[in-house]
Amino acid sequence: MMAKRNKLIGSQKLWCGIGAWTVAFLMFFPILWMLITSFKTEIDAVATPPKLLFSPTLENFADVNARADYLHYALNSVIESIGSTLLCLAIGIPAAYTAVFFPGRRTKDLLMWMLSTKMLPAVGVLVPIYLLFRDSNLLDTRSGIVIVFTLSNLPIVVWMLYSFFKDVPHEILEASRMDGASTFEQIWHLLLPLTLPGIASTALLSTILCWNEAFWSLNLTASKAGPLTAFIASFSSPEGLFWAKLSAASTLAITPILVFGWMTQRQLVRGLTFGAVK
């Protein structure tokens with residue numbers, strides 16, 4: 001009986017493993033196909049049926065770097081993503097702290113209102129945002145993109161921090177308050193160290209969201225402050241799509257964030273599951 005049960009459990013683990021690898025492969029396949037296409041010639045890239053055997057070439061990457069300054073766009077992405085994330089944390093930490101430890105009668109309504117702004121289609125506010133940026137001389141500027149990225153991701157940051165801060169016992173901060181600690185000292189010396197995994201995962205997620213944001217980047221920037229999403233879009237033309245060069249540009253654009261995500265995946269998972277198991 002025990003042997004039969006162990007065999008059943010082993011069979012279930014095997015099928016679960018096969019299912020997990022299948023789903024992972026299907027999710028990764030578009031990235032793999034893009035990577036393969038980036039090493040093809042334009043003729044091979046549009047061949048029907050697709051050519052699996054071809055002579056790899058690096059001419060697409062050379063053409064991409066010759067046509068556009070990749071490092072300039074990459075630097076814009078780094079500055080705008082990190083700048084927006086730091087600004088989100090600077091605003092979100094005090095907001096979440098207040099919502100958790102000093103809630104008011106309308107706190108939950110305010111949090112729901114903040115979250116509801118993410119349900120609004122971005123194109124619905126494009127015209128007023130564009131006009132405000134034009135009149136404020138923020139079009140095609142890094143500071144303008146940092147502001148709009150912050151406004152876009154702030155509700156998610158506040159909600160994530162709110163859920164992490166709720167797991168901190170109120171008695172700890174009350175004891176520090178009785179010992180004469182100021183609000184800043186409570187946050188800096190107690191709250192932040194206790195919730196560091198959650199804050200780190202929030203920062204990582206915010207950075208990834210900023211890096212991948214395309215709508216605002218394409219509509220509010222040009223060559224001066226454009227991030228890598230604008231760099232990719234620059235390789236579409238009225239003559240059509242050059243799939244090999246577009247794939248090469250996309251590969252160059254996603255490689256930094258893929259490496260960053262791979263290196264920080266343990267921290268990200270740890271933060272997202274922070275407080276889930278008591």
Side-chain angles (χ1 to χ4, degrees), residues 74-104 107-108 110-118 122 129 138 141-170 172-173 176 181-217 220 225 227-229 256-257 259-276:
L75 180 62
N76 285 341
S77 285
V78 171
I79 293 175
E80 291 161 7
S81 298
I82 295 179
S84 174
T85 297
L86 293 177
L87 188 56
C88 280
L89 291 178
I91 300 173
I93 289 175
Y97 168 80
T98 303
V100 172
F101 297 100
F102 301 98
T107 296
K108 291 187 177 180
L110 180 61
L111 290 171
M112 288 303 300
W113 173 77
M114 291 181 63
L115 190 61
S116 69
T117 60
K118 294 297 295 179
I129 291 291
L138 290 175
T141 62
R142 290 172 176 171
S143 57
I145 292 299
V146 168
I147 292 173
V148 77
F149 282 179
T150 300
L151 295 176
S152 178
N153 294 325
L154 189 59
I156 297 177
V157 170
V158 171
W159 263 95
M160 289 185 67
L161 294 174
Y162 176 79
S163 65
F164 296 136
F165 289 176
K166 282 184 66 177
D167 293 326
V168 178
H170 289 221
I172 295 178
L173 295 186
S176 67
S182 63
T183 299
F184 176 79
E185 291 173 335
Q186 294 173 43
I187 295 176
W188 185 257
H189 295 293
L190 289 175
L191 189 61
L192 296 188
L194 289 172
T195 58
L196 187 58
I199 295 174
S201 67
T202 302
L204 292 174
L205 182 61
S206 175
T207 302
I208 292 171
L209 291 175
C210 292
W211 190 280
N212 294 331
E213 175 60 48
F215 179 81
W216 294 113
S217 302
L220 299 179
L228 285 172
T229 47
I257 200 65
V259 174
F260 176 73
W262 183 266
M263 294 174 59
T264 58
Q265 61 176 327
R266 181 176 297 179
Q267 184 64 43
L268 181 61
V269 173
R270 180 187 174 195
L272 292 176
T273 56
F274 176 75

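Distance alone, capped at 3.5 Å, is enough to place a donor-acceptor pair between the Lys118 side chain and the Ser152 backbone. Side-chain atoms of Thr207 never come within 3.5 Å of backbone atoms of Ser81 as a donor-acceptor pair (strictly under, hydrogens ignored). When atom types are taken as modelled, the side chain of Ser206 and the backbone of Ala203 share no donor-acceptor pair closer than 3.5 angstrom.
Interatomic distance, Ile129 CD1 to Ile147 CD1, rounded to the nearest 0.5 Å: 10.0 Å. In this structure, CD in Glu80 is found 9.0 Å from CG in Leu75, a value given to the nearest 0.5 Å. Going from atom CG of Leu173 over to atom CG of Leu194 covers 8.0 Å, rounded to the nearest 0.5 Å. In this structure, Leu191 CG and Gln186 CD are separated by 9.0 Å, a value rounded to the nearest 0.5 Å.
Looking at residues two or more places apart in sequence or on another chain, you find a side-chain contact (heavy atoms from CB on, under 4.5 Å) between Leu115 and Trp159.
Under the side-chain contact (heavy atoms from CB on, under 4.5 Å) rule, Cys210 has a single partner from Ile82, Asn153, Val146, Ile145, which is Asn153.
Of all heavy-atom pairs spanning Met160 and Ser201, the tightest one is CE-OG, 4.2 Å. Of all non-hydrogen atoms in Leu154 and Cys88, the two that sit nearest each other are CD1-O, 3.7 Å. Closest approach of Leu228 and Ser77 over heavy atoms only: N-OG, 2.8 Å. Heavy atoms only, all atoms of each residue included: Thr202 and Gly198 are closest at OG1-O, 2.8 Å. In terms of heavy atoms, Ser182 sits closest to Glu185 at N-OE1, 2.9 Å. The minimum heavy-atom distance linking Gly92 with Val158 is given by the pair CA-CG2, 3.9 Å.
Applying the ring pair (Phe, Tyr, Trp, His ring centres under 6.0 Å) rule to pairs touching residues 76-101 yields Tyr97-Phe101, Tyr97-Phe102, Phe101-His170, sequence neighbours excluded. Pairs of residues two or more places apart, or lying in two chains, never qualify as ring pair (Phe, Tyr, Trp, His ring centres under 6.0 Å) while including a residue from residues 193-212.
Looking only at side-chain heavy atoms (C-beta outward), Thr229 and Phe215 stay at 4.5 Å or farther from each other. Side-chain contact between Phe149 and Ser217 is present, with heavy atoms from C-beta onward closer than 4.5 Å. Between Leu192 and Ile93, some side-chain heavy-atom pair lies under the 4.5 Å cut-off.
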Check against side chain to side chain contact (heavy atoms under 4.5 Å, CB included), Ile199 and Phe164: CA-CA 8 Å; Ile199 295 174; Phe164 296 136; 5.9 Å; no
Test log, rule side chain to side chain contact (heavy atoms under 4.5 Å, CB included), inputs Arg142 and Asn76: CA-CA 7 Å; Arg142 290 172 176 171; Asn76 285 341; 2.7 Å; yes
